[in-house]
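Here's the structure, in structure tokens; my notes come after.
In what follows, chains carry the letters A, B, and so on, assigned in the order in which the sequence lines appear, proteins first and then strands, with residues in each chain numbered from 1.
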Amino acid sequence: MIKITFPDGNNKEFEQGVSIELIAGSISSSLRKVSVAGIVNGELYDLNRPINEDAEIRIITKKDREAFEVLNHSAAHLLAQAVKRLFPDAKFGVGPAIREGFYYDIDAGVQLREEDLIKIEKMMKRISQEQVQITRSEMPRAEALEFFKDDKYKVELISDLPEDEIISLYTQGEFTDLCKGGHIGSTKNVRVFKLLALAGAYWRGDSKREQLQRIYGTAWYSEDALKEHLQILEERKERDHRKLGKELKIFELNNDAGQGLAMWLPNGYTVRKVLEDWVYKLERKAGYQHVSTPMVGTKKLYEISGHWANYRENMFPVMERDGETFVLRPMSCPHHMLIYKTDIRSYRDLPIRYAEIVTQHRYEASGSLTGLERVRAMTLTDAHLFVRKDQIKQEVKDAYYLILAAIKTLGLEIEYIELALRDDKKGKFHDNIELWNEAEQMMKEILAEEKIEYTEMKGEAAFYGPKIDVQVRTAMGHVITMSTVQLDFLLPDRFDLTYIGNDGEKHRPVVIHRGFVSTWERLMSILLEQYKGAFPTWLAPIQIKVIPVSLEVHADYAKKLNSLFIDEDLRSELDMREEKLGYKIRDAQTLKIPYQLVVGDNEVDSNQVTYRKYGQKEQVTVSVEEFILLIKQEVKNQIN
RNA sequence: GCCGAAAUAGCUCAGCUGGUAGAGCAACUGACUUGUAAUCAGUAGGUCUCGGGUUCGACUCCUGAUUUCGGCACCA
């Protein structure tokens with residue numbers, strides 16, 4: 001007999017070799033029906049996998065997050081089996097469950113086309129109907145290498161496992177896959193699914209290696225759930241900043257201007273200017289000094305910093321004149337280093353915080369360009385903090401909390417905080433391991449002291465140091481970096497930055513690089529998606545639309561109001577077109593203008609306004625003074 | 001950059017198996033003069049992304065390029 005302990009601490013004796021399915025059944029038959037797998041001593045177990053020793057278990061039912069993973073993982077196997085039937089030469093990379101479904105990386109022997117997905121999906125349905133048992137087996141590593149000898153990808157995966165590893169396999173009918181599990185028992189349980197996309201994906205994420213074809217799909221426990229998911233995918237398109245940016249006239253991308261070179265339209269630039277002014281004030285209050293530096297610099301400048309060696313491929317082509325070579329500035333740290341050097345610095349001067357609204361150019365790979373999210377010319381408020389070592393922690397924390405406050409004001413949700421560290425594999429990191437360890441250790445201490453939860457990302461650091469990245473999720477489901485605080489012990493060295501300590505000796509300052517709320521371009525894309533284009537009043541390009549009921553009778557009053565609002569520093573527009581009232585109202589609503597004012601006899605007679613707030617049905621009538629007060633309060637408090 | 005797909009009027013889209021294009025909205029003109037999501041009528045608008053080819057004839061088929069989209073890689 002073995003002892004099975006449940007999550008609530010209770011335990012019960014079972015025969016050795018009992019399974020999750022049997023345990024669930026012993027509790028109730030209804031529980032058994034909704035069970036899909038179990039966690040046994042921290043490991044994911046199939047329903048029928050024997051449990052041979054005392055164990056803490058948790059039964060996973062269809063409602064649990066893990067159940068979705070199990071189903072989708074099995075769907076990936078089903079996909080592979082179907083591909084193998086249709087393309088017998090097919091070889092397989094990896095096929096995991098992901099956040100919203102699954103994928104499998106496949107080398108089908110031929111180039112798959114999108115229309116093949118239909119055939120593959122049909123085959124999957126057929127295999128599902130065959131109700132093939134999915135069974136687990138284990139074999140020693142050497143045997144597994146022999147078993148998979150025809151699939152070079154699997155061989156490579158197995159070869160990377162330790163010598164003494166027992167390899168687990170899952171077999172369904174004629175198809176066997178290398179896999180840790182767990183799975184869902186039978187192909188009949190993978191009934192509701194849809195293949196969504198065909199894409200390229202480099203083997204092992206390495207662009208120097210072969211490119212496999214990745215098929216994405218999603219599997220659910222019911223038709224309704226699948227339908228709902230597909231509905232969500234549709235609705236996301238409504239939030240897409242590219243669509244909203246066009247509808248609301250925020251920005252324009254035109255090939256004659258150049259790929260990834262966005263133009264800000266009046267509405268977009270208005271929002272950007274509000275953001276710029278806001279951030280400028282925040283930085284001033286936080287003790288930053290603003291500087292301004294040129295958009296072009298010598299190649300030499302970036303050779304000193306090390307950016308030329310690391311990123312020359314991602315810079316715009318060089319310009320040469322009179323024996324000098326120039327580049328369009330891809331970032332601003334070198335300039336700020338030089339500004340630091342304009343004077344002898346004392347330990348009493350530090351920290352020095354330079355901020356700048358910087359336009360920078362990067363020749364991003366064509367395939368990575370995405371609306372305003374990823375562009376080749378971008379403007380951001382960049383900052384470099386020059387600090388003593390004993391000031392690092394406080395300055396990093398202050399910078400971090402300033403970022404957090406800003407993100408909160410913008411009403412954005414943080415997906416997670418990432419600590420980007422170096423790893424041994426990539427060659428880009430500078431080679432002073434001692435400095436690296438010190439910097440990484442300090443970042444970890446800061447995060448621990450502030451009780452900030454974070455995810456470690458090895459190999460994601462900048463070449464000069466570790467960084468704390470604030471990640472947000474876009475409407476389309478991508479995670480992108482919003483803000484960053486980076487610790488840099490390298491560039492001060494390269495630029496030979498010094499300050500005089502209280503010992504009278506020269507010391508090296510440390511630089512903290514800070515990206516505040518990404519670039520204005522990317523921030524705009526995030527905000528558009530966040531607000532679905534309905535900007536809060538303080539950001540809205542047009543805050544008020546004044547609509548006279550009758551052009552003849554109410555035009556003067558409408559004009560008077562509009563001028564009054566503009567004098568009060570509010571962004572108001574007048575709709576004097578010869579159109580029907582309903583038409584103008586619809587137009588104002590479509591443009592998602594926060595305050596829509598319809599003025600007619602009632603308002604003229606009483607010197608009042610009747611407003612309708614965007615997103616609300618009700619109409620409110622107040623005095624003009626009251627309205628101005630109300631809206632100014634809202635702007636001042638940056639209410640979302 | 002790589003893999004897959006797409007490109008038709010300012011915008012959103014239709015256009016069957018090849019016979020040189022159509023709708024709605026927007027624009028313009030005129031009429032209507034309006035109290036909370038589209039008034040009516042008319043006019044104009046297109047090298048069907050750009051080259052090359054097949055064909056009597058190409059928006060449609062083939063081919064090359066460009067851009068966009070979905071991914072991958074990259075992201076100082």
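- Per the geometry, NZ belonging to K592(A) stands 16 Å off P belonging to A37(B), to the nearest Å.
- Using a 4.0 Å heavy-atom criterion, one finds that I480(A) contacts no nucleic acid atom at all.
- L253(A) comes within contact range of no nucleotide atom at all, as no heavy-atom separation falls under 4.0 Å.
- Taking the six-membered ring for Trp, Y104(A) and F92(A) have ring centres closer than 6.0 Å.
- Judged by distance alone with a 3.5 Å cut-off, no donor-acceptor contact links the side chain of Q213(A) to the base of C3(B).
- The CD-C1' distance, from Q589(A) to A37(B), rounds to 7 Å in whole Å.
- Using a 4.5 Å heavy-atom threshold, the side chains of I357(A) and L380(A) count as separate.
- Under the 30°/60° scheme for interplanar angles, the aromatic rings of F463(A) and Y311(A) are found to be tilted.
- A sub-4.0 Å separation between OP1 or OP2 of A76(B) and a side-chain N or O of K467(A) is present.
- Nucleotide G22(B) is matched to C13(B) when pairs are restricted to Watson-Crick or G-U wobble geometry with both distances under 3.5 angstrom.
- For E313(A) against G1(B), a side-chain-to-base donor-acceptor contact under 3.5 Å is absent.
- Straight-line distance between the C1' atoms of U49(B) and G57(B): roughly 23 Å, to the nearest whole Å.
- Look at A5(B): its Watson-Crick or wobble partner, with both distances under 3.5 angstrom, is U68(B).
- Donor-acceptor pairing under 3.5 Å, judged by distance alone, is present between the side chain of Y202(A) and the base of G1(B).
- Checking the phosphate oxygens (OP1, OP2) of G70(B), no side-chain nitrogen or oxygen of R236(A) falls inside 4.0 Å.
- In this structure, the NZ atom of K249(A) is 8 Å from the C1' atom of C11(B), given to the nearest Å.
- Not one side-chain nitrogen or oxygen of R113(A) sits closer than 4.0 Å to the OP1 or OP2 atom of C3(B).
- The shortest side-chain heavy-atom distance between K592(A) and Y531(A) does not fall under the 4.5 Å cut-off.
- Residue A201(A) is in sugar-phosphate contact alone, with no base atom involved, counting any heavy-atom pair closer than 4.0 Å across all strands shown.
- Side-chain N/O atoms of H478(A) include one lying less than 4.0 angstrom from OP1 or OP2 on G71(B).
- Each of C333(A) and Q596(A) lies near RNA chain B, and the nucleotide nearest Q596(A) is the one positioned closer to the 5' end.
- At the heavy-atom level, A365(A) lies under 4.0 Å from base atoms of the strands shown.
- Figure legend: R209(A) and Y202(A) shown without cation-pi pairing, the cationic atom not lying both under 6.0 angstrom from the six-membered ring centre and within 45 degrees of its axis.
- Nucleic acid contact for G367(A): base, since at least one base atom lies under 4.0 Å from a heavy atom of the residue.
- Within the 4.0 angstrom heavy-atom criterion, base atoms lie near Q619(A).
- R374(A) contributes a side-chain N or O that forms a donor-acceptor pair with the base of C74(B) under 3.5 Å.
- A salt bridge is defined here as a Lys NZ or Arg NE, NH1 or NH2 lying under 4.0 Å from an Asp or Glu carboxylate O, and K152(A) with D107(A) fails to meet this definition.
- Proximity of the aromatic rings of F627(A) and Y611(A) is defined here by a centroid distance below 6.0 angstrom, and this criterion is met.
- Close to G4(B), at under 4.0 Å from its OP1 or OP2, lies a side-chain N or O of Q111(A).
- Taking only distance into account, the side chain of K246(A) never meets the base of C11(B) through a donor-acceptor pair shorter than 3.5 Å.
- For R362(A), no side-chain nitrogen or oxygen approaches OP1 or OP2 of A76(B) to under 4.0 Å.
- Side-chain N/O atoms of R214(A) include none lying less than 4.0 angstrom from OP1 or OP2 on C3(B).
- Looking at heavy-atom distances under 4.0 Å, Y103(A) makes no contact with the nucleic acid at all.
- Taking side-chain N and O atoms only, K580(A) has no distance below 4.0 Å to OP1 or OP2 of C40(B).
- With RNA chain B read from its 5' end, the first of the two nearest nucleotides for S366(A) and D587(A) is the one closest to S366(A).
- An OP1 or OP2 oxygen of U67(B) is reached within less than 4.0 angstrom by a side-chain nitrogen or oxygen of Q259(A).
- At C72(B), one or more side-chain N or O atoms of Y216(A) fall inside 4.0 Å of OP1 or OP2 (strictly under the cut-off).
- Regarding contacts with the backbone of C75(B), a side-chain N or O of K428(A) is found under 4.0 angstrom from either OP1 or OP2.
- For A26(B), the OP1/OP2 oxygens have a side-chain nitrogen or oxygen of Y583(A) closer than 4.0 Å.
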